[in-house]
Amino acid sequence: MERVAAVPRTNLVYANQQFFGESRWQWTVPPLRADSALVNGPLPLMTLWRRDLWFGTPHGFDEALPKGHEDWAFWLQLMRLPLVPFKIDEFLTQYRYKKNSKMRNREHNNPEIPRLLRSLFPDLYPVRWTP
């Protein structure tokens, strides 16, 4: 955390992730990019953020969203704020991997969720017109 403290404006910290359970896969998390977060969803759930980011989002973890996905909606809210991320390039977090989890099957089981998020955040998903 000394490295994080050295950059006082840092407001988001994340690291690589080791999975356990049905997989021992290691996720080398890519650098945060808004376009990737919009398409692929959130960074690892074990991400630290400063309290001012939480207060800067109008809904926090919006429990009113159907079928969960409040984490993805929270990340979309964060994309509107000035983020100063810091990645610790080590495997510091562990997460249970399930082959049939909500996250892995979201597009198949709930195809309406990406469309719902696009309608809730129209400024992040501009309409594309093709002739």
Applying the 4.5 Å side-chain criterion to the ILVMFWY set and letting contacts propagate, would Leu92 and Val7 be lumped into a single cluster? no
Show your working on side chain to side chain contact (heavy atoms under 4.5 Å, CB included) between Asn16 and Glu90 and close with a plain yes or no. CA-CA 6 Å; Asn16 294 327; Glu90 298 173 38; 5.8 Å; no
Quick one about Gln18 and Gln94 (side-chain donor to acceptor, distance below 3.5 Å, no hydrogens or angles considered), yes or no? no
What are the two closest heavy atoms between Trp54 and Phe61, and how far apart are they? CH2-N, 3.4 Å
Kindly say whether Val29 contributes a backbone atom to a donor-acceptor pair with the side chain of Lys87 at under 3.5 angstrom? yes
Shortest non-hydrogen pair, Gly60 vs Thr57, comes out as N-OG1, 3.3 Å
Grouping I, L, V, M, F, W and Y whenever their side-chain heavy atoms are under 4.5 Å apart, do Leu76 and Leu81 come out in a common cluster? yes
Determine whether Phe121 and Gln77 satisfy the following criterion, side chain to side chain contact (heavy atoms under 4.5 Å, CB included), listing intermediate values before the conclusion. CA-CA 8 Å; Phe121 301 95; Gln77 292 178 76; 3.7 Å; yes
When rounded to the nearest 0.5 angstrom, what distance separates CG in Leu116 from CG in Leu120? 4.5 Å
Can you tell whether the side chains of Arg50 and Asp52 come within less than 4.0 Å, N to carboxylate O? no
Which atoms form the tightest heavy-atom contact between Asn11 and Leu53, and what is the distance? O-CD1, 3.1 Å
Is there a path from Met79 to Phe55 through hydrophobic residues (I, L, V, M, F, W, Y) whose side chains come within less than 4.5 Å of each other? yes
Is it the case that the ring center of Trp49 lies less than 6.0 angstrom away from the ring center of Tyr14? no
Identify the two heavy atoms, one from Trp75 and one from Thr47, that lie closest to each other, and give their separation to 0.1 Å. CH2-CG2, 3.6 Å
Flag side-chain contact, heavy atom, 4.5 Å: Phe19 against Arg24: no
Using side-chain heavy atoms (C-beta onward) and a distance below 4.5 Å, is Leu12 in contact with Leu48? no
Starting at CD of Gln17, measure out to OG1 of Thr93 and round the result to the nearest 0.5 Å. 4.0 Å
One should read off an interatomic distance between Asp89 CG and Thr28 OG1, to the nearest 0.5 angstrom, of 7.0 Å
